[in-house]
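The chain is numbered in sequence order, starting from 1. Read the numbers this way: they start at 1 and go in the same order the structure lists the ligands and their atoms.
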Amino acid sequence: MGTWIDISQPLDEKSATWPGDTPFSYKVSWSKEESGSVNVGQVCMSIHTGTHIDAPFHFDNGGKKVVDLELDLYIGEAKVIHLQNGEQISIRDLSGIDLTGVTRLLIRTGAWKDRQVFPSSIPPVEPALAAYLAGFGVRLIGLDLPSVDPLDSKELPAHHALAAHGIHILEGLVLDHVAAGDYELIALPLPLVDADGSPVRAVLRKA
Ligand SMILES: Nc1ccccc1C(=O)C[C@H](N)C(=O)O
Ligand SMILES: [Zn+2]
Ligand SMILES: [Zn+2]
């Protein structure tokens, strides 16, 4: 067994935020001097900053919230693939890759170069890819991008198509240092009862 590889973005004031969304902040709200015993911190952030999962409630008012999601989605075998930077992430891009038995698929596009700056455009997931991946039994898709849809999309066709095929979404991965291949993934969401998503600490080790 190899060692665990961190594939999560660090979270601090420099983390890129979705335009107009809540910036990340951490502060010691009660210092050791004030409390007499401990430093006590406070975090404020959008759930869609950094490495995170989307719960279906993010884009569907009737969809599952984070605490309702199966833990097994976020722990277990995962395949990492590298794609050439294209217009979108399409069935054609994946046609040469054997996805037999793959339940968790992580895609390295390399398209988000400077993670401290929110990208102006990204290669979106072709909505038809959802049915194609579901055909192999894929249940989780992860990307090194802040969304699976075009950044200005209101309809979010890829989010909806993936959800309709039972595929869950992991966004904002850091895969620059990860070779293509088979791994074990852990990317557990927090047990946020009412939330539309959750930050995760995502890690991989070679299978
Ligand atoms: N944070 C936002 C603020 C405003 C509008 C959209 C968002 C998103 O995060 C949506 C995106 N579809 C996402 O991939 O999760
Ligand atoms: Zn998100
Ligand atoms: Zn999303």
Side-chain angles (χ1 to χ4, degrees), residues 7-25 43-70 73-74 78 83 87-90 104-131 133-134 138-175 185 187-202:
I7 55 166
S8 323
Q9 296 186 37
L11 290 169
D12 65 15
E13 279 69 18
K14 296 198 203 97
S15 302
T17 304
W18 196 278
D21 208 342
T22 312
F24 180 92
S25 75
V43 171
C44 186
M45 65 184 289
S46 164
I47 272 178
H48 302 276
T49 298
T51 309
H52 69 279
I53 59 114
D54 287 354
F57 174 61
H58 178 49
F59 44 89
D60 174 359
N61 283 336
K64 281 190 179 173
K65 295 180 176 175
V66 175
V67 83
D68 303 319
L69 298 170
E70 279 170 61
L73 292 164
Y74 306 103
L83 290 190
E87 287 279 285
Q88 56 170 4
I89 298 162
S90 63
R104 301 173 196 81
L105 179 67
L106 308 184
I107 302 176
R108 180 174 112 175
T109 69
W112 187 359
K113 300 263 186 278
D114 180 357
R115 271 179 221 92
Q116 298 192 345
V117 179
F118 201 82
S120 50
S121 75
I122 57 165
V125 169
E126 174 190 21
L129 193 61
L133 294 179
V138 172
R139 300 206 56 215
L140 180 77
I141 186 172
L143 292 122
D144 56 356
L145 299 169
S147 185
V148 293
D149 275 300
L151 298 174
D152 58 358
S153 173
K154 295 285 181 217
E155 311 296 326
L156 303 178
H159 281 82
H160 286 283
L162 290 165
H165 288 91
I167 302 177
H168 293 73
I169 301 167
L170 171 58
E171 295 168 330
L173 293 169
V174 179
L175 294 169
L185 168 76
L188 286 171
L190 301 173
L192 296 165
V193 175
D194 291 324
D196 60 299
S198 173
V200 297
R201 183 70 181 265

Are P146 and L151 side-chain neighbours, meaning at least one heavy-atom pair lies under 4.5 Å?
yes
Report yes if the side chains of L73 and L170 come closer than 4.5 Å at any heavy-atom pair, otherwise no.
no
Heavy-atom closest contact (D144 atom, W112 atom, distance):
O-CB, 3.6 Å
Taken in chain and number order and not counting sequence neighbours, the residues that satisfy side chain to side chain donor-acceptor pair (under 3.5 Å) with D54 are H48, H52, H159
So, using side chain to side chain donor-acceptor pair (under 3.5 Å) as the criterion, who are the partners of E13 when residues are at least two apart?
none
Taking every non-hydrogen atom, the tightest pair across V200 and I53:
CG1-CG2, 3.9 Å
Taking the side chain as every heavy atom from C-beta outward, state whether F57 and D68 have any pair of such atoms under 4.5 Å apart.
no
Under 2.8 Å from the Zn ion (ligand 2), the protein N, O or S atoms found are H48 ND1, H52 NE2, D54 OD1, E171 OE1
Nitrogen or oxygen contacts under 3.5 Å, ligand 1 side and protein side:
| from | atom 1 | to | atom 2 | distance (Å) |
| --- | --- | --- | --- | --- |
| ligand 1 | 1 (N) | D21 | OD2 | 2.8 |
| ligand 1 | 12 (N) | H159 | NE2 | 3.4 |
| ligand 1 | 14 (O) | P146 | O | 3.3 |
| ligand 1 | 14 (O) | S147 | OG | 3.0 |
| ligand 1 | 14 (O) | H159 | NE2 | 3.2 |
| ligand 1 | 14 (O) | E171 | OE1 | 3.4 |
| ligand 1 | 14 (O) | E171 | OE2 | 3.0 |
| ligand 1 | 15 (O) | H48 | ND1 | 3.4 |
| ligand 1 | 15 (O) | D54 | OD2 | 3.4 |
| ligand 1 | 15 (O) | H58 | NE2 | 2.8 |
| ligand 1 | 15 (O) | E171 | OE1 | 3.3 |

With a 4.5 Å cut-off on side-chain heavy atoms, are L185 and L140 touching?
yes
Validation row: I122, T109 side chains within 4.5 angstrom (heavy atoms):
no
